[in-house]
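Report on the structure given below.
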Amino acid sequence: MTPLVSVVVPFYNVEPYITECLESLAAQTLADIEVILVDDGSTDGSTRIADAFAGRDPRFVVVRQPNRGPGPARNEGIRWARGAYLAFADSDDVVPPEAYETLVCSLERTGSDLACGGVRRIRDGGLAASSLHEKIFKRAVRRTHIMDRRVLVRDRTVWNKVYRRDFWQEHRLRFPAGIYEDVPLSMRAHVLADSVDLLPDVVYHWRKRESGEVSITQRRAELTNLSDRLEAICAVRAFLREEAPELILAFDGLVLERDIVFLFQALEQAREEDVPPLHDLARQWLAVLSPAVLGTAPSLRRLELHLVERGLIRQFREVREFRRATADSPRIVPRGLRKAGWYGDYPYFRDRSLRIPDEVYDAGDELKLLARVEECRWTGSRFTVLGEVAIHRVERRPRKVRLFLSDGNREVPVPSRRTKGGRHVAEIDPAQLRGGGPNWRLHALVDARGVQLTTHFRDGDAHRPWRLSVPGWSRTGMDIAH
């Protein structure tokens with residue numbers, strides 16, 4: 001009988017991990033699958049384990065080829081596939097039991113071309129968030145598309161998905177050679193699909209290896225690895241330029257956020273004789289990315305890029321060490337009298353020997369106002385709120401703070417005073433809110449040396465908006481009655 005789903009699993013020297021992977025596939029609640037194991041020239045015990053699985057479970061089949069890499073191995077597996085749907089798993093990872101049932105059920109319901117779900121990392125014997133995926137799969141969104149949800153440029157792995165096989169064949173999708181074959185194919189699939197299903201369910205456990213051979217992604221600071229990564233980036237940009245130019249800036253932004261870090265790590269760790277070829281490669285990376293994206297990078301990242309571009313590797317390494325020492329939250333400080341500005345308090349600012357332009361350090365766009373309610377209570381005829389207002393990464397608390405309530409249509413000023421500890425005490429007169437909407441938010445407005453910042457208060461450490469209801473209910477249980 002023809003299986004419903006064909007799962008392609010390439011493997012090469014993964015003896016410590018392959019058993020757990022194959023057991024997870026055998027335990028799928030969707031039993032109507034075939035698992036095509038592609039032996040990419042393994043020289044360890046992986047082949048013996050794969051053969052044993054195929055010998056006792058007819059759903060497993062082993063295909064052999066000389067070592068050609070994961071992309072060609074997956075292409076070979078697809079040639080053998082018979083299912084109406086295609087899925088992929090890496091042989092050192094784990095697939096949760098209900099993964100394929102969940103993804104296939106969604107596709108059967110919607111008719112979308114592919115369905116994708118959440119990912120967790122296997123690390124130190126437990127499961128952790130995958131920083132690459134965590135911003136994408138917060139809630140179910142069916143029959144959507146990357147042009148409508150640009151965050152999908154982050155979804156560039158193939159193994160957290162199930163694809164409709166006729167979609168795959170219609171567009172002649174094929175994995176390229178090289179070690180970053182996921183990225184070009186994933187972007188092509190997202191753009192070419194008529195619709196895509198996003199599911200919040202965790203459908204894949206992605207391993208960070210702790211023993212045996214280091215994985216490809218864990219060798220990402222090697223020169224050849226970085227060259228292949230750049231080749232994949234260029235392939236994606238060339239495709240997007242032809243098919244979806246609107247996505248190039250979003251894709252470049254992700255490269256600048258994530259991929260460039262591996263280049264930085266290589267430059268930090270490199271021996272002196274390896275620095276020149278790495279620097280040449282780094283300049284190729286920077287030449288590929290959009291100037292608009294490079295110019296809007298956060299100030300500390302702009303400083304790192306500036307130093308790399310000029311070949312100031314010793315200074316670059318000091319700035320990277322500074323970043324780690326300040327836990328990614330270095331201070332922003334005001335500078336200047338007649339023309340005040342906000343700048344990152346980073347090394348080499350106005351160092352005469354280096355002459356780095358001030359705009360590299362400009363952090364005015366990074367100022368972020370924070371406000372939270374710490375305590376609230378009735379005091380006679382007034383409702384008193386004790387809260388804190390601060391500017392993220394700025395040491396001094398703002399002096400001039402204006403508070404107001406808003407129901408979305410009307411703003412009501414709220415008198416406040418500042419305590420010795422720097423907190424703000426607001427006195428709310430319920431009479432002023434009559435005739436307004438049922439829910440009000442408390443806002444803060446700050447003028448910080450020419451930069452106006454505003455935000456709404458959040459409920460203590462809960463990170464949700466603090467609301468006042470008139471009358472009825474409120475999340476904090478603090479209502480104002482008629």
Side-chain angles (χ1 to χ4, degrees), residues 296 298-300 326-346 349-350 358-359 361-434 436-437 439-468 470 474 476 478 480:
T296 56
S299 52
L300 187 52
T326 53
D328 274 347
S329 294
R331 292 189 311 162
I332 299 174
V333 295
R335 297 187 189 273
L337 297 175
R338 293 183 180 178
K339 188 179 179 182
W342 291 91
Y343 298 94
D345 191 17
Y346 316 144
F349 182 75
R350 292 182 180 167
D358 282 2
E359 55 261 32
Y361 293 82
D362 189 344
D365 291 341
E366 298 166 42
L367 293 175
K368 179 182 178 182
L369 192 63
L370 306 174
R372 66 188 183 104
V373 170
E374 297 179 342
E375 183 183 338
C376 40
R377 64 184 183 277
W378 280 104
T379 54
S381 61
R382 297 287 189 273
F383 195 68
T384 302
V385 177
L386 175 66
E388 180 181 15
V389 179
I391 303 174
H392 181 53
R393 295 172 55 191
V394 174
E395 198 168 63
R396 291 185 179 180
R397 286 195 174 95
R399 291 185 176 277
K400 297 181 180 179
V401 178
R402 182 168 73 86
L403 304 184
F404 63 92
L405 284 164
S406 172
D407 64 354
N409 296 310
R410 184 158 65 99
E411 292 184 2
V412 175
V414 175
S416 66
R417 57 183 173 82
R418 188 170 175 174
T419 68
K420 290 183 179 180
R423 304 295 194 269
H424 291 268
V425 178
E427 300 283 347
I428 299 174
D429 181 357
Q432 291 184 289
L433 307 184
R434 290 196 179 110
N439 293 304
W440 295 77
R441 286 188 181 185
L442 183 62
H443 295 255
L445 178 66
V446 167
D447 189 345
R449 288 207 174 195
V451 178
Q452 202 168 72
L453 305 171
T454 186
T455 191
H456 59 266
F457 278 77
R458 296 193 172 272
D459 184 9
D461 296 323
H463 303 297
R464 62 190 179 198
W466 185 86
R467 290 186 178 93
L468 211 55
V470 187
S474 79
T476 55
M478 291 165 282
I480 296 178

(message) How close do Asp407 and Gly437 get, counting heavy atoms only, and between which atoms?
(response) OD2-N, 2.8 Å
(request) Decide if atom CG of Asp365 counts as having more than 12 heavy atoms of other residues, nucleotides or ligands within a radius under 6.0 Å. (result) no
(message) Between Arg449 and Arg335, is there a side-chain heavy-atom distance shorter than 4.5 Å?
(response) no
(message) Are the side chains of Glu388 and His424 in contact, using a 4.5 Å heavy-atom criterion?
(response) no
(request) Starting at CD1 of Ile391, measure out to CG of Leu453 and round the result to the nearest 0.5 Å. (result) 5.5 Å
(request) Could you pull out all residues at least two apart from Arg331 that satisfy side chain to side chain donor-acceptor pair (under 3.5 Å)? (result) Asp345, Glu395
(message) Within this structure, what is the CZ-OG1 distance for the pair Arg393 and Thr326, rounded to the nearest 0.5 Å?
(response) 8.5 Å
(request) Enter the distance from Thr455:OG1 to Leu442:CG here, rounded to the nearest 0.5 Å. (result) 10.5 Å
(message) Using every non-hydrogen atom in the two residues, find where Ser416 and Leu403 come nearest and quote the distance to one decimal.
(response) CB-CD1, 3.7 Å
(message) If I take atom OG1 from residue Thr384 and atom CD from residue Glu375, how far apart are they, to the nearest 0.5 angstrom?
(response) 9.5 Å
(request) Could you tell me whether Asp459 and Arg372 make a salt bridge, using a distance below 4.0 angstrom between a side-chain N and a carboxylate O? (result) no
(request) Please name the pair of heavy atoms, one in Val412 and one in Trp440, separated by the smallest distance, quoted to 0.1 Å. (result) CG2-CZ3, 3.8 Å
(message) Ring-plane angle category for Trp378 and Phe383, please: parallel below 30°, perpendicular beyond 60°, tilted otherwise.
(response) perpendicular
(request) Look at atom CZ of Arg350 and say whether more than 12 heavy atoms of other residues, nucleotides or ligands are closer to it than 6.0 Å. (result) yes
(request) Check the pair Val414, Glu427 against side-chain contact (heavy atoms from CB on, under 4.5 Å), reporting the backbone distance first and the verdict last. (result) CA-CA 7 Å; Val414 175; Glu427 300 283 347; 5.9 Å; no
(message) Working to the nearest 0.5 angstrom, can you tell me the gap between Gln432 CD and Arg410 CZ?
(response) 8.5 Å
(request) Would you list the pairs meeting ring-ring contact (aromatic ring centres under 6.0 Å, His included) in which at least one residue belongs to residues 387-423, sequence neighbours left out? (result) Phe404-His443
(request) Locate the shortest heavy-atom distance separating Ala363 from Ser299; write the atom from each residue and the value. (result) CB-OG, 3.7 Å
(request) Please name the pair of heavy atoms, one in Phe457 and one in Val389, separated by the smallest distance, quoted to 0.1 Å. (result) CZ-CG2, 3.7 Å
(message) Using every non-hydrogen atom in the two residues, find where Ala390 and Leu369 come nearest and quote the distance to one decimal.
(response) O-CD1, 3.4 Å
(message) Any heavy-atom pair between the side chains of Pro465 and Arg458 that's under 4.5 Å?
(response) yes
(request) Nearest 0.5 Å please: distance from the CZ atom of Arg441 over to the OG atom of Ser406. (result) 9.0 Å
(message) Using a 3.5 Å distance criterion without hydrogens, assess whether the side chain of Trp342 forms a donor-acceptor pair with backbone atoms of Ala448.
(response) yes
